[in-house]
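So the structure is just underneath, and the comments pick up after that.
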Amino acid sequence: MEIAYKSKSAEKQFSPDYAKKWKYHEKMKEKLLAMETFIRRAESLRDILNYHPYHFHQLQGSRYGEWSMYVGNTGYRVTVLP
């Protein structure tokens, strides 16, 4: 599966190409890299939906149409548009 970033700023925050510049703690960096690898290797959206640790779920209200994935137990989440 391919990942397209909303903006250059989002790409710098989440793309492994910029991992050396990330200001996250090491545990968070590892989890973000693992998440990106998982998404890229997924054959379909169903693979991501069926992987429960990321708790892939649809948002509501003004963010309807967007989906969210938890980044482990870090308190962070990544918002995506599948």
Closest non-hydrogen atom pair between [X] and [Y], with its separation:
{"X": "E36", "Y": "R40", "answer": "OE2-NH2, 2.7 Å"}
{"X": "Y5", "Y": "P16", "answer": "OH-CD, 4.2 Å"}
{"X": "G65", "Y": "L81", "answer": "O-CD2, 3.6 Å"}

Among residues at least two apart in sequence or on other chains, which ones pass salt bridge (Lys or Arg N to Asp or Glu O under 4.0 Å) with K20?
none
Audit row: W22, L33, side-chain contact (heavy atoms from CB on, under 4.5 Å) steps and yes/no
CA-CA 11 Å; W22 285 351; L33 290 171; 4.0 Å; yes
ILVMFWY cluster, L32 and Y70 together (side-chain gap under 4.5 Å)
no
Co-membership, hydrophobic cluster, residues Y76 and L59, 4.5 Å side-chain
no
Calculate, to the nearest 0.5 Å, the distance between atoms [atom1] and [atom2] belonging to [X] and [Y] respectively.
{"X": "K21", "Y": "Q13", "atom1": "NZ", "atom2": "CD", "result": "13.5 Å"}
{"X": "M69", "Y": "T79", "atom1": "CE", "atom2": "OG1", "result": "10.5 Å"}
{"X": "Y64", "Y": "Q58", "atom1": "OH", "atom2": "CD", "result": "4.5 Å"}

Decide side-chain contact (heavy atoms from CB on, under 4.5 Å) for Y18 and K8; before the verdict, give the C-alpha distance in whole Å, the side-chain angles of both, and the deciding distance to 0.1 Å.
CA-CA 11 Å; Y18 297 93; K8 192 67 171 174; 2.9 Å; yes
If we only count heavy atoms from C-beta on, is the K31 to M35 side-chain gap below 4.5 Å?
no
Does any N or O in the side chain of W67 come within less than 3.5 Å of the main-chain N or O of V78, such that one atom is a donor and the other an acceptor?
no
Less than 4.0 Å between a side-chain N and a carboxylate O, is that true for K27 and E30?
no
Going by the salt bridge (charged side-chain N to carboxylate O under 4.0 Å, His left out) test, which pairs reach into residues 53-76, not counting sequence neighbours?
R63-E66
In short, salt bridge (charged side-chain N to carboxylate O under 4.0 Å, His left out) pairs touching residues 68-80 with sequence neighbours left out are none
Is N73 atom CG crowded by more than 12 heavy atoms from other residues, nucleotides or ligands, each under 6.0 Å away?
no
